[in-house]
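If you're wondering where the values come from, they're calculated on a predicted model, not measured in any experiment. Because only heavy atoms are used, hydrogens play no part in the values below, and waters and symmetry mates are left out as well, while side chains stay in.
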Amino acid sequence: MLRRLATTAACALALTVTDPALARADTRGFIEVRGDVWSMDDPSRGQHTRVPNRRQGDIRRTFFSHRDHQVIIRTKFAELARKGGFILMATKLQTNTGLVRRVFLTASPFQRTHQWRGLTEVNRPNGTAVDCGATHRIDYTQNVVRIRVPRVCLNDPRSVRASLAVAFYERGGRDVFTDNPLHRRATVHLPPLTAPIRH
């Protein structure tokens, strides 16, 4: 189910930067333009509408950092609040050997003891789970999400390429809003992968 939801997430072209706070690792950073969230009016027909005044789920910047023991994905939003149906962040990581892992973070009011704290799952391309200790932290005060994927999940690669998109589902999933840090167009699929991020 998560894989199907992830394919509905969307994109926008950004400026590559370096974050001094992440200078200890090879990092690719993307600064996003304001107001490029899109609503998915009819995904099956490719109908999308830009929602320039929406702040919830509007990505401001994302950093992919390849460190000694983990890959870190840090995303800053204009607003990140505990509201709506649920939040989905979908990340694709591909190593220099061609290994692919899909990382999903979901947060919602329906996750029992995990309400709005979120759940992280790492999957193979066929959808089977990989139990390798991936974690996350959602800071609703600072509007920041950090996902940490141990390098053992990726067989300790020399480099990785990454892609990310987010979707916010409201009114029981009838309203879907998407964004991503890599380009400014509406997205049906995850955006293209970044250039290699070396260890």
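- Expressed to the nearest 0.5 Å, how far OH of Tyr140 lies from NZ of Lys83 amounts to 12.5 Å.
- For the atom pair Gln47 CD and Ser39 OG, the distance stands at 10.5 Å (nearest 0.5 Å).
- Judged by distance alone, with hydrogens and angles left aside, the side-chain atoms of Asp175 form no donor-acceptor pair with the main-chain N or O of Glu170 at under 3.5 Å.
- Here Glu79 does not pair with Arg34 in a salt bridge; the nearest charged N to carboxylate O distance is not below 4.0 Å.
- A distance of 5.0 Å separates NE2 of His48 from CE of Met40, quoted to the nearest 0.5 Å.
- The main-chain N or O of Leu80 is found under 3.5 Å from a side-chain atom of Asn143 such that the two form a donor-acceptor pair.
- Counting heavy atoms from C-beta on, the side chains of Thr106 and Ile87 never come closer than 4.5 Å.
- Within 6.0 Å of CZ on Arg198 lie no more than 12 heavy atoms contributed by other residues, nucleotides or ligands.
- Heavy atoms only, all atoms of each residue included: Arg148 and Pro150 are closest at O-CD, 3.7 Å.
- Val145 is listed as a side-chain neighbour of Leu105, based on a closest heavy-atom distance under 4.5 Å.
- Separation of atoms SG (Cys153) and CG (Asp131) is listed at 8.5 Å; rounding is to 0.5 Å.
- Between Leu154 and Leu93 the shortest side-chain heavy-atom distance falls below 4.5 Å.
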*Determine, stepwise, if the pair Glu121 / Asn123 fulfils side chain to side chain donor-acceptor pair (under 3.5 Å).*
CA-CA 6 Å; Glu121 181 179 348; Asn123 288 345; 3.2 Å; yes
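- Across all their heavy atoms, Ala107 and Ile138 have their closest contact at CB-CD1, 4.1 Å.
- His66 places a side-chain N or O within donor-acceptor distance of the main-chain N or O of Ile197, the cut-off being under 3.5 Å.
- If you chain together hydrophobic residues whose side chains sit under 4.5 Å apart, Met89 and Leu193 never meet in one group.
- Residues Leu99 and Ile73 are members of one and the same hydrophobic cluster, defined by side-chain heavy-atom contacts under 4.5 angstrom among Ile, Leu, Val, Met, Phe, Trp and Tyr.
- The hydrophobic clustering, which links ILVMFWY residues whose side-chain heavy atoms are closer than 4.5 Å, places Ile147 and Val130 together.
- Using a cutoff of 4.0 Å between basic side-chain nitrogens and carboxylate oxygens, Asp156 and Arg151 are scored as salt-bridged.
- Remark: the backbone N or O of Ala129 is paired with a side-chain donor or acceptor of Arg124 at under 3.5 angstrom.
- At least one side-chain heavy atom of Pro181 sits under 4.5 Å from a side-chain heavy atom of Leu164.
- Side chain of Gln115 to backbone of Pro109: a donor-acceptor contact under 3.5 angstrom is found.
- Of the possible donor and acceptor atoms, none in the side chain of Asp179 sits under 3.5 Å from a partner among the backbone N and O of Val37.
- A heavy-atom distance below 4.5 Å is not found between the side chains of Val166 and Leu88.
- Within the 4.5 Å cutoff, the side chain of Asp36 has heavy atoms near those of the Arg50 side chain.
- Ile31 places none of its side-chain heavy atoms less than 4.5 Å from the side chain of Arg60.
- Note on Val176: it clusters hydrophobically with Phe86, by side-chain heavy-atom contacts below 4.5 Å among ILVMFWY residues.
- Summarising the geometry, atom OG1 belonging to Thr62 is positioned 7.5 Å from atom CG belonging to Leu182; distances are rounded to the nearest 0.5 Å.
- Taking CH2 from Trp38 and CZ from Arg185, the interatomic distance works out to 10.0 Å, rounded to the nearest 0.5 Å.
- Here the closest heavy-atom approach between residue Ser108 and residue Gly85 is recorded as CB-O, 3.3 Å.
- At distances below 3.5 Å, at least one donor-acceptor pair connects side-chain atoms of Thr194 with backbone N or O atoms of Ala162.
- One N or O on the side chain of Ser163 and one on the backbone of Pro191 form a donor-acceptor pair closer than 3.5 Å.
- Hydrophobic cluster membership is shared by Trp116 and Phe168, with clusters built from Ile, Leu, Val, Met, Phe, Trp and Tyr side chains linked at under 4.5 angstrom.
- Relative to the six-membered ring of Phe177, Arg54 meets both conditions, a distance below 6.0 Å and an angle of at most 45° to the axis.
- Using a 4.5 Å heavy-atom cutoff, the side chains of Thr75 and Val144 are not in contact.
- Side chains of His199 and Asp26: a donor-acceptor N/O pair is absent below 3.5 angstrom, by distance only.
- Proximity of a side-chain donor or acceptor of His136 to a complementary backbone N or O of Arg117 within less than 3.5 Å is detected.
- At distances below 3.5 Å, not a single donor-acceptor pair connects side-chain atoms of Lys92 with backbone N or O atoms of Arg161.
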